[in-house]
Amino acid sequence: MTDSGYDLRHARVKAQTQKMRGLIDQGICAFCEEYFEKYHDNPIEFQTKHWIVSKNDYPYKRTKLHLLLIPKQHAAMVSGLSQDVRAELMEVLVEVENRWKFPSYAVGMRVGDPALNGGTVEHIHAHVVVGDNDDPEHEPVRFKMTSKR
């Protein structure tokens with residue numbers, strides 16, 4: 001487990017690494033509700049009682065849209081979320097479908113220690129990704145799901 005709750009090795013762009021270093025120095029989890037708007041570049045698209053939905057500041061290559069679904073309750077594991085938070089995730093996905101009218105999308109979630117799961121932050125969150133299938137040069141979007149020690 002990382003001491004800071006972040007794993008810089010999994011950052012994909014320089015700006016992401018720089019932002020994470022600043023957050024580590026301040027001891028801040030940027031995905032916690034009280035810090036989210038200050039440290040996230042994209043605005044909140046919508047929120048519910050338990051979840052924040054925003055576009056990813058560092059979207060995966062070859063995506064038309066890349067959303068983050070972040071629980072307001074800080075937890076590293078699904079078991080650390082209250083039953084109400086867990087249940088509301090499905091309602092958040094229904095709202096995402098209703099707002100964006102996707103013909104298809106993928107959901108990915110890394111849970112626990114980012115040093116092991118390939119993520120950058122230990123605060124559990126889900127990714128909703130829509131590939132840019134209209135681009136004639138489109139290649140599949142790859143979601144890193146584990147890490148090498």
Side-chain angles (χ1 to χ4, degrees), residues 1-100 102 105-132 139-149:
M1 180 182 296
T2 60
D3 291 336
S4 66
Y6 295 95
D7 195 316
L8 297 171
R9 297 171 302 166
H10 301 145
R12 295 180 314 282
V13 296
K14 186 176 180 179
Q16 184 181 20
T17 302
Q18 290 173 330
K19 184 186 285 186
M20 288 168 51
R21 280 193 176 117
L23 295 165
I24 291 166
D25 290 346
Q26 295 176 70
I28 291 172
C29 174
F31 281 7
C32 282
E33 181 180 18
E34 62 267 30
Y35 301 115
F36 187 80
E37 287 187 275
K38 182 174 181 180
Y39 293 99
H40 195 72
D41 297 332
N42 282 303
I44 292 173
E45 295 288 332
F46 73 91
Q47 56 186 309
T48 63
K49 182 176 180 182
H50 301 294
W51 290 85
I52 296 169
V53 177
S54 181
K55 291 178 182 170
N56 193 335
D57 286 347
Y58 310 102
Y60 295 154
K61 291 180 182 177
R62 303 181 299 274
T63 58
K64 188 179 288 189
L65 181 67
H66 184 169
L67 298 172
L68 296 176
L69 283 53
I70 304 164
K72 293 177 181 179
Q73 178 185 0
H74 182 90
M77 304 294 288
V78 174
S79 59
L81 297 172
S82 73
Q83 184 175 358
D84 290 346
V85 175
R86 295 190 310 257
E88 194 178 79
L89 175 58
M90 292 299 109
E91 297 309 314
V92 169
L93 286 171
V94 169
E95 181 62 23
V96 164
E97 289 178 7
N98 289 335
R99 283 178 184 243
W100 279 276
F102 304 134
Y105 62 96
V107 177
M109 183 181 281
R110 297 182 197 93
V111 178
D113 186 350
L116 302 175
N117 66 30
T120 55
V121 62
E122 198 168 30
H123 187 126
I124 193 170
H125 58 284
H127 298 258
V128 173
V129 176
V130 178
D132 192 2
E139 294 287 329
V141 176
R142 305 290 181 203
F143 182 76
K144 185 177 182 180
M145 295 181 74
T146 61
S147 181
K148 210 173 170 182
R149 285 189 178 205

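Remember, it's a predicted structure, so these values are computed and weren't measured experimentally.
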Can you list the residues that meet the side chain to side chain contact (heavy atoms under 4.5 Å, CB included) rule with [X], with sequence neighbours excluded?
{"X": "D25", "value": "none"}
{"X": "E37", "value": "I44"}
{"X": "K64", "value": "V130, D132, D134"}
{"X": "A30", "value": "Y6, L23, Y39"}

If the threshold is 4.0 Å, N to carboxylate O, is there a salt bridge linking K49 and D84?
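Salt bridge flag = no for D84 with K49.
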
So W100 and F46, would you call those rings parallel, tilted or perpendicular, with 30° and 60° as cut-offs?
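Geometry flag for F46 against W100: tilted rings.
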
Hey, mind stepping through L8 and I24 against side-chain contact (heavy atoms from CB on, under 4.5 Å) and telling me if it holds?
CA-CA 10 Å; L8 297 171; I24 291 166; 4.2 Å; yes

Nearest heavy-atom pair of [X] and [Y]: which atoms, and what distance?
{"X": "N117", "Y": "V111", "answer": "ND2-O, 3.2 Å"}
{"X": "D57", "Y": "D41", "answer": "OD2-N, 2.8 Å"}
{"X": "L81", "Y": "A75", "answer": "CD2-CB, 3.7 Å"}
{"X": "W51", "Y": "L69", "answer": "CZ3-O, 3.4 Å"}
{"X": "L68", "Y": "F31", "answer": "CD1-CZ, 3.9 Å"}

Distance, nearest 0.5 Å, that separates [atom1] of [X] from [atom2] of [Y]:
{"X": "S82", "Y": "H50", "atom1": "OG", "atom2": "NE2", "result": "5.5 Å"}
{"X": "L116", "Y": "M145", "atom1": "CG", "atom2": "CE", "result": "14.0 Å"}
{"X": "R142", "Y": "R62", "atom1": "CZ", "atom2": "CZ", "result": "7.0 Å"}
{"X": "M20", "Y": "T120", "atom1": "CE", "atom2": "OG1", "result": "5.0 Å"}
{"X": "K144", "Y": "R110", "atom1": "NZ", "atom2": "CZ", "result": "8.0 Å"}
{"X": "Y58", "Y": "Q16", "atom1": "OH", "atom2": "CD", "result": "6.0 Å"}

Holding to ring-ring contact (aromatic ring centres under 6.0 Å, His included), I want the full list of residues that pass it with Y105, two or more places apart in sequence or in another chain.
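Result, ring-ring contact (aromatic ring centres under 6.0 Å, His included) vs Y105: F102.
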
Under 3.5 Å, is there a donor-acceptor pair between the side chain of [X] and the main chain of [Y]?
{"X": "D113", "Y": "E122", "value": "no"}
{"X": "H66", "Y": "N56", "value": "no"}
{"X": "H10", "Y": "P114", "value": "yes"}

Please name all residues satisfying side-chain hydrogen bond (donor to acceptor under 3.5 Å, both in side chains) with [X], sequence neighbours left out, ordered by chain then number.
{"X": "E95", "result": "R99"}
{"X": "E91", "result": "none"}
{"X": "R21", "result": "none"}
{"X": "S54", "result": "H40"}

Tell me which pairs pass side-chain hydrogen bond (donor to acceptor under 3.5 Å, both in side chains) where either residue lies in residues 67-81, with sequence neighbours left out.
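Qualifying pairs, neighbours excluded: Q47-K72, H74-H123.
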
Surrounding CD of Q83 (heavy atoms of other residues, nucleotides or ligands, distance under 6.0 Å), is the total greater than 12?
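Counting neighbours around CD of Q83, 12 or fewer heavy atoms of other residues, nucleotides or ligands fall under 6.0 Å, so no.
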
Starting from the C-alpha separation in whole Å, work towards a yes-or-no answer on side-chain contact (heavy atoms from CB on, under 4.5 Å) for T63 and H127.
CA-CA 12 Å; T63 58; H127 298 258; over 6 Å; no

